[in-house]
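No hydrogens, no waters, no symmetry mates; every other heavy atom, side chains included, goes into these values. No experiment lies behind these values; they were computed from the predicted model shown. Atoms within a ligand are numbered from 1 in the order they appear, just like the ligands themselves.
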Amino acid sequence: MKTVLVSGGAGFIGSHVTVELTQAGYNVVIADDFSNCDETNYNGVCKILGKELPLVKMDFCDAEKVDGLFKEFKIDAVIHFAAFKAVGESVSEPLKYYRNNLLSFMNILEQARKHGGNVLFSSSATVYGQPDKCPVTENTPRKPAESPYGNTKVMCEDILRDSIKAYPGVRGIALRYFNPIGAHPSALIGELPRGVPNNLVPFITQTAIGKREKLSVFGNDYPTEDGTCKRDFIDIVDLAKAHVCAVARMLEGRMEERYEIFNVGTGTPLSVMELVNTFEKVNGVKVNWEFAPRRAGDITAIWADPTLANEKLGWKATRTTAETLASAWAWEKHLKEIGK
Ligand code: WQD
């Protein structure tokens, strides 16, 4: 049985990936410093799987701790999620973002260099900026990042690429996520933003349940059919499954290059208004919303061409937007039940 280390495994994406990996037959070691989450998702993961998973509380910026972790466990692949991700905060606190997001990843790569290793990096469609043409393929040129957060994704991709080039034992895959939304069908794990959510779907669910008074739909004068932005919203369980495919590709020696990049999206864009309307219809609830001015830094539209992931990873998004938004709502109701 192969062992996969999931850094940031108690977070939104990490917890879903942990479940899918375990169900696919991998041993998972979760490491998280709980700086941006509590134990809700970790507990949910254990409940879904019916067993306790190894959990190491640690900060990946601590090189000695990372070294110790790789000595304690024989790790076959690492998936790196442990990073700060608030776009706005990264603009006011750039050093916090550069220090944490780059150093933690370099500490992992140092271990991969030493022991040989397979590294999966969680990148983002943010590296494309506002593309000249949609959908974007992996060869669409990257644009200079709009925020230090986005820049850490660009820089980590480059650090991974250069490390793979220099160190013969290192292989890696960067997955570029579009907009991950939804929750596990069990409603036991999901997105748990601290404070006011930055992202659309948690803001919708929190408004629908009464935690927030009103959703602001940022901008209705974009050059799209209904004037609101368009995104490629990808179900979190579908997204998690792409990681299982990518890990298998690395561990089973099926990579065609030592560094590969895949878009992880549905290939179908949806506007912000379409998403809000679908949420209301599917769940039979009203969302109090109003149009507000554009949000700084937002791009008009982006969606993926997922052909490469479909063909090479053997992965495809399967859940419908309706299913995904129903799971997001079930999760919000679960949070209310457990007093979160
Ligand atoms: C989607 C659309 C908003 C909130 C960001 C990061 C990206 C990635 C995912 C995260 C936009 C609109 C939103 C609200 C709204 N990284 N919106 N009202 O900006 O596409 O991507 O999150 O870790 O790197 O940039 O996602 O969910 O914030 O916004 O109208 O209250 O919803 O304007 O058009 P985004 P989002």
Side-chain angles (χ1 to χ4, degrees), residues 8 11-14 16 36-37 80-91 97 100-101 121-131 134 136 142-143 145-157 174-182 191-208 211-224 226-234 236 239 263-266 269-279 287-304 321 324-325 328:
F12 173 44
I13 304 179
H16 288 82
N36 197 31
C37 64
H80 181 55
F81 295 110
F84 295 146
K85 60 168 189 173
V87 178
E89 188 193 41
S90 79
V91 175
Y97 276 68
N100 183 66
N101 293 8
F121 176 62
S122 59
S123 191
S124 166
T126 196
V127 303
Y128 297 117
Q130 174 60 71
C134 283
V136 292
R142 297 181 314 184
K143 293 253 170 88
E146 290 269 345
S147 68
Y149 161 77
N151 207 20
T152 65
K153 292 295 179 194
V154 174
M155 292 166 91
C156 282
E157 282 193 356
L175 296 182
R176 291 179 177 158
Y177 314 143
F178 283 69
N179 286 60
I181 61 166
E191 200 166 359
L192 194 56
R194 289 208 161 157
V196 183
N198 292 309
N199 298 115
L200 179 60
V201 169
F203 212 107
I204 292 175
T205 56
Q206 289 196 7
T207 306
K211 266 193 210 168
R212 309 274 153 212
E213 202 196 318
K214 199 175 269 185
L215 165 75
S216 293
V217 173
F218 299 133
N220 62 347
D221 57 351
Y222 284 97
T224 59
D226 64 14
T228 63
C229 295
K230 288 165 90 171
R231 294 289 184 273
D232 186 333
F233 296 100
I234 170 79
I236 186 66
L239 178 97
N263 284 340
V264 185
T266 65
L270 212 64
S271 76
V272 172
M273 248 3 279
E274 284 173 319
L275 192 89
V276 173
N277 292 335
T278 309
F279 180 88
V287 179
N288 188 20
W289 66 268
E290 66 181 0
F291 285 125
R294 290 182 178 197
R295 183 173 72 175
D298 274 342
I299 56 167
T300 302
I302 187 165
W303 65 95
T321 312
T324 306
L325 291 175

closest protein heavy atom to atom 14 (C) of ligand 1 is Phe218 CE1, 3.4 Å
(Q) Run the side chain to side chain donor-acceptor pair (under 3.5 Å) test on Tyr149 and Glu89 for me, step by step, so that the C-alpha distance in whole Å, both residues' side-chain angles and the decisive distance to 0.1 Å come before the verdict. (A) CA-CA 9 Å; Tyr149 161 77; Glu89 188 193 41; over 6 Å; no
Note: Arg231 and Cys229 closest approach over all heavy atoms is NH1-CB, 3.6 Å
Minimal heavy-atom distance between Leu325 and Leu275, with the atoms involved, is CD1-O, 3.8 Å
Check: Is Phe178 in polar range of ligand 1, meaning some N or O pair under 3.5 Å apart?
Finding: no
Atom 19 (O) of ligand 1: of Glu146, Arg231, Gln206, Arg295, the nearest heavy atom sits on Arg295
Rounded to the nearest 0.5 Å, the OG atom of Ser123 sits from the CD atom of Glu157 at a distance of 3.5 Å
Residue, atom and distance of the protein heavy atom nearest atom 9 (C) of ligand 1 read Asn199 ND2, 4.0 Å
Contact region, Thr126 to ligand 1, non-hydrogen atoms below 4.0 Å, reads side chain
The atoms of ligand 1 lying under 4.0 Å from a heavy atom of Asn198, numbered in the order shown, are 4 (C), 28 (O)
Nearest non-hydrogen protein atom to atom 33 (O) of ligand 1, with distance, is Asp298 OD2, 2.5 Å
Note: Leu200, heavy atoms under 4.0 Å from ligand 1, region reported as both
Ligand 1 atoms nearer than 4.0 angstrom to some heavy atom of Val87 are 6 (C), 25 (O)
Distance col, row Lys85:NZ vs Tyr97:OH, nearest 0.5 angstrom, shows 9.5 Å
>> Is the shortest side-chain heavy-atom distance between Phe291 and Thr228 below 4.5 Å?
In response: yes
In ligand 1, the atoms that come under 4.0 Å of a heavy atom of Asn179 are 20 (O), 21 (O), 26 (O), 35 (P)
Residues Lys143 and Tyr128: closest non-hydrogen pair is CG-O, 3.1 Å
For Ser216, the atoms of ligand 1 under 4.0 Å from one of its heavy atoms are 14 (C), 15 (C), 18 (N), 30 (O), 31 (O)
Numbered in order shown, the ligand 1 atoms found under 4.0 Å of a heavy atom of Ser124 are 24 (O)
Heavy atoms from other residues, nucleotides or ligands near CD of Glu213 exceed 12 (cutoff 6.0 Å) = no
CG of Asn179 to CG of Asp232, rounded to nearest 0.5 Å, is 7.5 Å
Worksheet item: Is there a heavy atom in Tyr149 that sits closer than 4.0 Å to ligand 1?
Response: yes
Within 4.0 Å of some non-hydrogen atom of Cys229, the atoms of ligand 1 are 34 (O)
Val217 heavy atoms within 4.0 Å reach ligand 1 at atoms 30 (O)
Here the atoms of ligand 1 under 4.0 Å from any heavy atom belonging to Val272 are 2 (C), 12 (C), 30 (O), 32 (O), 34 (O)
Heavy-atom closest pair (Pro223 atom, Thr300 atom, distance to 0.1 Å) is CD-CG2, 3.8 Å
